[in-house]
Amino acid sequence: MNSKLILHIDENHPLLIKGLEELGFKNHIAYNMPLEKILIDLHNYSGIVIRSRFPIDKKFIDQAPKLKFIARVGAGLENIDVKYAHFKNISTIAAPEGNRNAVGEQSLGMLLSLMNKLHQAHSSIERGEWHREKYRGWELEGKTVGIIGYGNTGKSFAKKLQGFDVKVIFHDIKTHLGDENAQQVSLKELQNRANILSLHIPQSVETNGMIDRKFIAQMKNPFWFLNTARGKAVVTSALVEGLISGKILGAGLDVFEYESASFHSIFNDRNRPKSLDYLLTSEKVLLSPHVAGWTFESHLKLAQTILDKIAAEKY
């Protein structure tokens, strides 16, 4: 059996398939293959390429004794048991560089739409209404934008904001990350100053449920909220309470607490939470289906980033 056999579990840009072939790998496509069948054949593969179809856990990894790397064509690795993979001497590869521009642009687009009530005004006109005063918006100029998480996407968003007369501050668990686009501050200072809050954090034990009632109460100013990171960072019931009370002026959400582990539909549960129903009907909320990092351009960039990283390691 070819020692450089790669299993592709999710469909990606054709560039990745072609590039791996040029590196001497043989590609096996399993886009629609059920997990049970994949597990049977895993012992043949030295590499796996996945997006989010299902978790790569200990059971999965133990079925793949020849595995040298797991590549996720996306920004995060939360659907992979990274610690166990490394224990088994398996490299894990992600591509946060590939979709950082896309996420930065969507964050800015959502913010401008929210502050100017564009989605509300559009729906109103579709209904045959013409309410100019009701849809009076707010300007971004003079506001303070607070970013939590200053990695690839946080930096991209900060860079996009440089065309506006705003203050950009951020908080990150890593130190000395400040640059020409944003000032690093403590979490308390961010909560005291920000008029806009944008999340750019990975999913982890530390970030799950981070934006809860206590966090929202500690924000000094009413604020607009953006989440293009991970849904489980936000306690949705607390977000809804903030929107109802007016503490949160509007929310732009590309991700949701109720998404499955593979980032699939929020509509799977028949007993839908009341807080989700509020998000689906509130004029203060702008929603998109986890697509901030999934543009036509990022589709290509993500694949190229993974290809470059595999090539650099010479597996």
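Values in this document were obtained by computation on a predicted structure and should not be read as measured data.
- In this structure, Glu257 contributes its side chain and Thr236 its backbone to a donor-acceptor pair below 3.5 Å.
- The environment of CD1 in Ile173 is sparse: at most 12 heavy-atom neighbours from other residues, nucleotides or ligands sit within 6.0 Å.
- The backbone N or O of Gln120 sits nowhere less than 3.5 Å from a side-chain atom of Glu283 that would complete a donor-acceptor pair.
- Salt bridge absent: Lys301 and Glu297 never bring a charged side-chain N and a carboxylate O closer than 4.0 Å.
- Clustering ILVMFWY residues whenever any of their side-chain heavy atoms sit less than 4.5 angstrom apart, transitively, puts Leu140 in a cluster other than the one holding Ile169.
- Between Trp224 and Trp138, the ring-plane angle classifies as perpendicular under the 30° and 60° cut-offs.
- What you find for Met219 and Lys247 is that their closest heavy atoms are O-NZ, 2.6 Å.
- Asp254 places no side-chain N or O within 3.5 Å of a backbone atom of Gly252 that could act as its donor or acceptor partner.
- Cluster annotation: Ile9 is connected to Met33 through the hydrophobic network of ILVMFWY side chains, with a link wherever side-chain heavy atoms come within less than 4.5 Å.
- Within a 6.0 Å radius of NZ in Lys159, other residues, nucleotides and ligands contribute 12 heavy atoms or fewer.
- Judged by distance alone, with hydrogens and angles left aside, the side-chain atoms of Thr207 form no donor-acceptor pair with the main-chain N or O of Ala233 at under 3.5 Å.
- Crowding of Tyr31 atom OH: a count of heavy atoms from other residues, nucleotides or ligands under 6.0 Å exceeding 12.
- Both Tyr45 and Ile56 belong to a single network of hydrophobic side chains, linked directly or stepwise wherever heavy atoms of I, L, V, M, F, W or Y lie under 4.5 Å apart.
- Looking at heavy atoms from C-beta onward, Leu239 lies in side-chain contact with Leu253 at the 4.5 angstrom threshold.
- Of the possible donor and acceptor atoms, none in the side chain of Lys309 sits under 3.5 Å from a partner among the backbone N and O of Ile93.
- Using a 4.5 Å heavy-atom threshold, the side chains of Lys26 and His28 count as touching.
- Taking the six-membered ring for Trp and thresholds of 30 and 60 degrees, His299 and Trp294 have ring planes more than 60 degrees apart, a perpendicular arrangement.
- Within the 3.5 Å criterion, the main-chain N or O of Leu118 finds no donor-acceptor partner in the side chain of Asn116.
- Within the 4.5 Å cutoff, the side chain of Asp62 has heavy atoms near those of the Tyr84 side chain.
- Transitive grouping of hydrophobic side chains (ILVMFWY, heavy atoms separated by less than 4.5 Å) brings Phe223 and Val234 into a common cluster.
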Verdict with reasoning, Leu23 to Leu307, per side-chain contact (heavy atoms from CB on, under 4.5 Å):
CA-CA 9 Å; Leu23 290 174; Leu307 181 60; 3.7 Å; yes
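- Between Leu249 and Asn195, every side-chain heavy-atom pair lies at or beyond the 4.5 Å cut-off.
- Listed for the Glu21 side chain is no donor-acceptor partner under 3.5 Å among the backbone atoms of Asn27.
- Closest heavy-atom contact between Asn99 and Leu302: N-CD2, 3.9 Å.
- For the pair Asn227 (side chain) and Arg230 (backbone), a donor-acceptor distance under 3.5 Å is present.
- A side-chain donor-acceptor contact under 3.5 Å links Ser156 and Lys160.
- The environment of NE2 in His86 is crowded: more than 12 heavy-atom neighbours from other residues, nucleotides or ligands sit within 6.0 Å.
- Remark: the backbone N or O of Val185 is paired with a side-chain donor or acceptor of His171 at under 3.5 angstrom.
- Taken from CD in Gln63 to CG in Leu42, the straight-line distance is 6.5 Å, to the nearest 0.5 Å.
- At most 12 non-hydrogen atoms from other residues, nucleotides or ligands lie less than 6.0 angstrom from NZ of Lys167.
- Under 4.0 Å is where a charged nitrogen must lie from a carboxylate oxygen, and between Glu97 and Arg100 no such pair does.
- Counting heavy atoms from C-beta outward, His8 and Leu20 have side chains that approach closer than 4.5 Å.
- Minimum interatomic distance between Asp57 and Phe60 (heavy atoms only, all atoms of both residues): OD1-N, 3.0 Å.
- Considering only heavy atoms from C-beta on, Ser107 comes within 4.5 Å of His200 through its side chain.
- Note that CG of Leu35 and CD1 of Ile40 are 10.0 Å apart. Values are rounded to the nearest 0.5 Å.
- Separation of atoms CG (Leu190) and CG (Asp172) is listed at 11.5 Å; rounding is to 0.5 Å.
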Applying side-chain contact (heavy atoms from CB on, under 4.5 Å) to Asn221 and Thr144, what does each step give before you reach the verdict?
CA-CA 10 Å; Asn221 305 310; Thr144 297; over 6 Å; no
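- In this structure the side chain of Arg193 reaches within 4.5 angstrom of the side chain of Gln183, judged on heavy atoms.
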Start with the C-alpha gap between Met115 and Lys143, add the side-chain angles, then the distance that decides, and say whether side-chain contact (heavy atoms from CB on, under 4.5 Å) holds.
CA-CA 11 Å; Met115 294 183 70; Lys143 305 297 189 296; 4.2 Å; yes
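- Tyr258 and Ser275 are linked by a side-chain donor-acceptor pair at a separation below 3.5 angstrom, with hydrogens and angles left out of the test.
- Among all heavy-atom pairs drawn from Tyr278 and Lys284, the shortest one is OH-CD, 4.4 Å.
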Given Val49 and Phe25, is the side-chain contact (heavy atoms from CB on, under 4.5 Å) satisfied, shown in steps?
CA-CA 12 Å; Val49 178; Phe25 291 99; over 6 Å; no
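- One side chain, Arg72 or Ser52, offers a donor N or O that lies under 3.5 Å from an acceptor on the other.
- Atom CZ of Arg132 has 12 or fewer neighbouring heavy atoms from other residues, nucleotides or ligands inside a 6.0 Å radius.
- The two residues Ser46 and Ile6 have their closest heavy-atom pair at OG-CD1, 4.1 Å.
- Counting heavy atoms from C-beta on, the side chains of Phe157 and Val145 come closer than 4.5 Å.
- The distance from atom CD1 of Ile48 to atom CG of Leu67, rounded to the nearest 0.5 Å, is 4.5 Å.
- Between the CG atom of Leu161 and the CG atom of Leu111 there is a distance of 7.0 Å, given to the nearest 0.5 Å.
- At most 12 non-hydrogen atoms from other residues, nucleotides or ligands lie less than 6.0 angstrom from CD of Glu139.
- In the hydrophobic cluster analysis, where Ile, Leu, Val, Met, Phe, Trp and Tyr join through side-chain heavy atoms closer than 4.5 angstrom, Ile17 is grouped apart from Val73.
- Judged by distance alone, with hydrogens and angles left aside, the side-chain atoms of Gln162 form a donor-acceptor pair with the main-chain N or O of Ala158 at under 3.5 Å.
- Going from atom OG of Ser124 over to atom CH2 of Trp130 covers 9.5 Å, rounded to the nearest 0.5 Å.
- For Gln106 and Ser288, the side-chain atoms include at least one donor-acceptor pair closer than 3.5 Å.
- Aromatic ring orientation, Tyr135 versus His131: tilted (interplanar angle from 30° to 60°).
- When all heavy atoms of Phe256 and Glu259 are compared, the pair lying nearest together is N-OE2, 2.8 Å.
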